[in-house]
Amino acid sequence: MIDPTPRPKIPPYTWNRPIGLGWDKPYTVRYASNLDDGPWHGMPLGGFGAGCIGRSSRGDFNLWHLDGGEHIFNNLPACQFSVFEEAAGKKQAFALCTEPPADGSLPAWQWYPKTRGGDGETGTGTYHALYPQSWFVYEGVFKAELTCEQFSPVWPRNYQESSYPLAIFEWTAYNPTDEPIVVSIMLTWQNMVGWFTNAIKSPPVQVRDDGSPVYEYQSRWGESAGSFNRWVEDHFRVGCLMSRLSTNEQPVEGEGQLAIATVTNPAVEVFYNSRWQCAGTGEDVWRYFADDGSLSDQDNETPAAEGEQIGVALAVRFTLRPGKTRKIPFILAWDLPVTEFGSGAWYYRRYTDFFGRHGKNAWSMVRTALKHSDTWKENIQAWQKPILEREDLPDWFKMALFNELYALTGGGTLWSGADERDPKGQFAVLECIDYRWYESLDVRLYGSFALLMLWPELEKSVLLAFARAIPAGDDTPRIIGYNQAAAVRKIAGATPHDLGAPNEHPWEQTNYTSYQDCNLWKDLPCDFVLQVYRDFLLTGGSDIEFLTDCWPAVVETLAYLKTFDKDGDGIPENAGAPDQTFDDWQLQGVSAYCGGLWLAALEAAIAIGKILINQSLSPNPQETIATYQSWLDQAKPIYQEKLWNGQYYRLDSESGSQVVMADQLCGQFYAQLLGLPDIVPRDCALTALRTVYEACFLKFHEGKIGAANGLLPDGSPVNPKATHPLEVWTGINFGIAAFMVQMGMKEEAFALSEAVVRQIYDNGLQFRTPEAITAVGTFRASHYLRAMAIWSIYGVMTNFRGSH
């Protein structure tokens, strides 16, 4: 049977929502100082490290991560798709956002209706998202059936196009009636060249109420003086180029170009206006467009005066005969080649390796996109198809698996240009927008599985940056936010917590966070060693150069951590301060979490040493292996003896706590993952995991939210006012689920994961997945890196086939 509506084939596994339908009770932020932009988030568009733009399910472009590591959430009404239609003698035109501008601008424009029938349920179409594609399907307003598909060229093991600052919009219009329909599709855009840089060049660092460092970011939003636009005709390619006057020979941060474009052919008419007033009534665009779908065909390159806001408009008009379909492409490109951090610290973005670095390449990108976008889409579909067709994966899991990758585009991502040392550039994703520093090592222990499986060379580049940072010291004094103690920034040999922040010099100045003294953390060195061996093993086990480069740092940081073994029993003790990833949670003595990671890290280091024995390295791996083996032989029985209580592993050996810690056996998960000897007996691990499932998940709000970090065996809290123990951490839950799959508890793993996924995607947290949610509908730390741990579940299920 022929499909009567030739709309694009949208997979049935998208996150979807009626266009413009709000949320009755979306999750709200737990702490007032944390970011809460509200639920209107959609899939971000753009390549890794190129900056991204988000468009929500009400149709507005509202997320502007165009300055590396910085966050702007603001609806810009002039950036908009609009549709004119004339059918059966009736004309109508709508800007395709359901929310008129809050500031009263563009009053001449008509805005798309969000509901029909007044019951709040009958939508005027549906938004769908399955990263890196999303779709707007418009229904019940126009006679023509209209769909806008949007995507950027992102697919695995692609280290070129995945960096491009491009958004492709492909419109499909179909006429289901028996009369011709005239349709015109318009894209308008505001010239925002020069906006995306911090006007405060060296902002002082403050300490926020939650003890974490923060600095002021003041973009040059709306500073458009000197901006100018021009109309471009390039054979069949037509569009508008947005630039800005500059006296700099090479562009500085924020400078460059934007472009919107389409193609012309004898079956369509193209209209344009290269300079209209975005801050005015919008009449200079709308009076033409609403009348007949045209524009004034005005090309005006006059630069904007002080206080003036100018935009461009591009419209494609065509007549659809009954039963016919037409596809219309639009391209949005931005060329902002420089990303700057602290004063004088800046990098060219990765895409400049392919398009050049002078900030005048937006039209070159347009040409590339119009030539290759069909192939790009095929590559995306070829990647997704085998996963989407798997019958052993639930629909909600397929949806979340792809959509959680949004953070690789939207997470303040950096990807620098290539050089001799880093042939694919350097890469980094923020821990989150609230904790604005890069690649927090404890968080990426689970959160980096997606990068490992899909872009393994970028994953290794992050670990190499940590390897380079471990020997370095930084004696800068600082006050620790948690307890006001004095500390130095970075001790030589300590594994840094992070790779730095957007206001300093990422990759070079590490250990930015000062909420805790991370030099004292007991998990970071272990996290480093385990990720090094994991990245080697699960990418084919052949990259000896990678292991060789990391080996000195492995040896140095394990020796550093061993200095915290105060009683000489082979296991570094936790010191009663929150000295690990659960940084509000005090552990004392040998802890299940850190002790287990220590045992697994020693095993991984022994395995690395054995591989490198013939590599003439210093120190000689043979001697080092013997040292590690002696520590391991001493420590393993002590871990079991001190912590196993017959039902689960105690939180630690000295606090007397009876709490069931959800992530108590992360070390055993990693040992099994890497084919290392078990750090605990398998039967004990299984019993402990079942206890976690019962106490922390099923008995916590009837298993509807996810597993809390730590509860008593009966599911009650030790302290009802505690923070971390009573939070459900999204990424930790996915990591525990991966462990459950390893242990033959697949059904339980999916029950746990589904509860978390539904909380996120049913309650307005989509495309800003937080670190933590609570039972009272609050969240903490949105746009969080660790949630990409959902890929660890898929990795374990497939034995990581395809990740190398």
Side-chain angles (χ1 to χ4, degrees), residues 445 521-530 533 554-555 557-576 579-580 582 586-610 621-692 710 713 736 739 742-743:
L445 185 66
W521 278 24
K522 310 308 185 294
D523 52 350
L524 294 172
C526 306
D527 294 345
F528 171 71
V529 176
L530 289 168
Y533 186 50
V554 166
V555 175
T557 201
L558 286 177
Y560 173 82
L561 182 54
K562 183 65 166 63
T563 65
F564 292 97
D565 176 17
K566 302 298 185 191
D567 59 4
D569 66 354
I571 308 181
E573 290 87 32
N574 292 89
D579 50 7
Q580 28 64 44
F582 301 93
Q586 298 173 338
L587 309 179
Q588 295 173 26
V590 174
S591 71
Y593 182 73
C594 296
L597 287 172
W598 168 251
L599 298 177
L602 288 177
E603 293 183 345
I606 290 167
I608 295 169
K610 286 177 178 174
Q622 190 78 57
E623 296 167 17
T624 312
I625 289 168
T627 301
Y628 293 161
Q629 193 62 56
S630 70
W631 293 349
L632 189 62
D633 292 343
Q634 184 188 7
K636 234 183 199 178
I638 288 170
Y639 182 86
Q640 183 72 9
E641 178 190 317
K642 283 192 172 181
L643 299 176
W644 178 244
N645 70 3
Q647 196 182 357
Y648 56 94
Y649 286 84
R650 292 186 186 91
L651 182 69
D652 58 37
S653 61
E654 290 181 16
S655 70
S657 172
Q658 298 303 305
V659 77
V660 179
M661 184 185 201
D663 202 23
Q664 58 187 264
L665 285 179
C666 184
Q668 174 66 14
F669 164 70
Y670 256 89
Q672 286 181 218
L673 179 75
L674 304 180
L676 300 167
D678 291 327
I679 63 165
V680 298
R682 286 275 173 116
D683 58 336
C684 295
L686 188 59
T687 301
L689 207 48
R690 292 197 181 283
T691 303
V692 166
I736 293 167
F739 187 25
Q742 262 185 358
M743 297 295 287

Shortest non-hydrogen contact from Lys566 toward Thr563: NZ-O, 3.4 Å
I want to check something: taking the side chain as every heavy atom from C-beta on, are Leu676 and Tyr533 in contact at a cut-off of under 4.5 Å? yes
To the nearest 0.5 Å, what is the distance between CG (Leu558) and CH2 (Trp631)? 6.5 Å
Please list every donor-acceptor pair under 3.5 Å in which a side-chain atom of residues 587-594 meets a protein atom from a residue at least two apart or in another chain.
from: Ser591; atom 1: OG; to: Asn574; atom 2: OD1; distance (Å): 2.7
from: Ser591; atom 1: OG; to: Cys594; atom 2: N; distance (Å): 3.1

From Lys562 atom NZ to Tyr560 atom OH, the distance as rounded to the nearest 0.5 Å: 15.0 Å
If we ignore hydrogens and angles and just use 3.5 Å, is the side chain of Thr557 paired with the main-chain N or O of Pro525 as donor and acceptor? no
Under 3.5 Å, side chain of Trp598 to main-chain N/O of Gly570, donor-acceptor pair present? yes
For the atom pair CD1 (Ile571) and CG (Leu599), what is the distance rounded to the nearest 0.5 Å? 5.5 Å
Tyr639: partners by ring pair (Phe, Tyr, Trp, His ring centres under 6.0 Å), with sequence neighbours left out: Tyr649
Spacing of Cys684 atom SG and Leu665 atom CG [to the nearest 0.5 Å]: 9.5 Å
If you measure from CD on Gln586 to OG on Ser657, what distance do you get to the nearest 0.5 Å? 11.5 Å
Heavy-atom closest pair, residues Gln658 and Gly656: NE2-O, 3.2 Å
Can a donor-acceptor pair be found, under 3.5 Å and without considering hydrogens, that links the side chain of Glu573 to the backbone of Ala575? no
Is any side-chain heavy atom of Gln668 closer than 4.5 Å to a side-chain heavy atom of Arg682? yes
Check the pair Gln634 / Asp569 against side chain to side chain donor-acceptor pair (under 3.5 Å), numbers first and verdict last. CA-CA 7 Å; Gln634 184 188 7; Asp569 66 354; 5.8 Å; no
Taking every non-hydrogen atom, the tightest pair across Gly609 and Pro621: O-CB, 3.5 Å
Please examine the side chains of Leu445 and Leu597, heavy atoms only from C-beta on, and report whether any two atoms are closer than 4.5 Å. yes
Using side chain to side chain contact (heavy atoms under 4.5 Å, CB included), reason through Phe582 and Asp663 one step at a time and then give a plain yes or no. CA-CA 10 Å; Phe582 301 93; Asp663 202 23; 4.1 Å; yes
Mind checking whether Phe669 and Gln742 have side chains closer than 4.5 Å, heavy atoms only? yes
Can you name the closest pair of heavy atoms from Ala685 and Met743 and give their distance? CB-CE, 3.8 Å
Could you state the interatomic distance from CD (Glu603) to OH (Tyr670), rounded to the nearest 0.5 Å? 14.5 Å
Using atom types as modelled and distance alone, determine if a side-chain donor or acceptor of Asp678 lies under 3.5 Å from a backbone N or O of Pro681. no
Using residues 622-629 as the side-chain source, report each donor-acceptor pair under 3.5 Å to any protein atom, sequence neighbours left out, with the distance given to one decimal.
from: Thr624; atom 1: OG1; to: Asn620; atom 2: O; distance (Å): 3.1
from: Thr627; atom 1: OG1; to: Glu623; atom 2: O; distance (Å): 3.2
from: Gln629; atom 1: NE2; to: Asp633; atom 2: OD1; distance (Å): 3.0

Nearest heavy-atom approach of Gly667 to Ala600 is O-CB, 3.4 Å
Audit row: Leu689, Ile736, side chain to side chain contact (heavy atoms under 4.5 Å, CB included) steps and yes/no: CA-CA 9 Å; Leu689 207 48; Ile736 293 167; 4.3 Å; yes
Do Leu602 and Val529 come within less than 4.5 Å of each other through their side chains, counting heavy atoms only? no
Of all the heavy-atom pairs spanning Leu561 and Cys526, show the shortest one and how long it is. CD2-SG, 3.5 Å
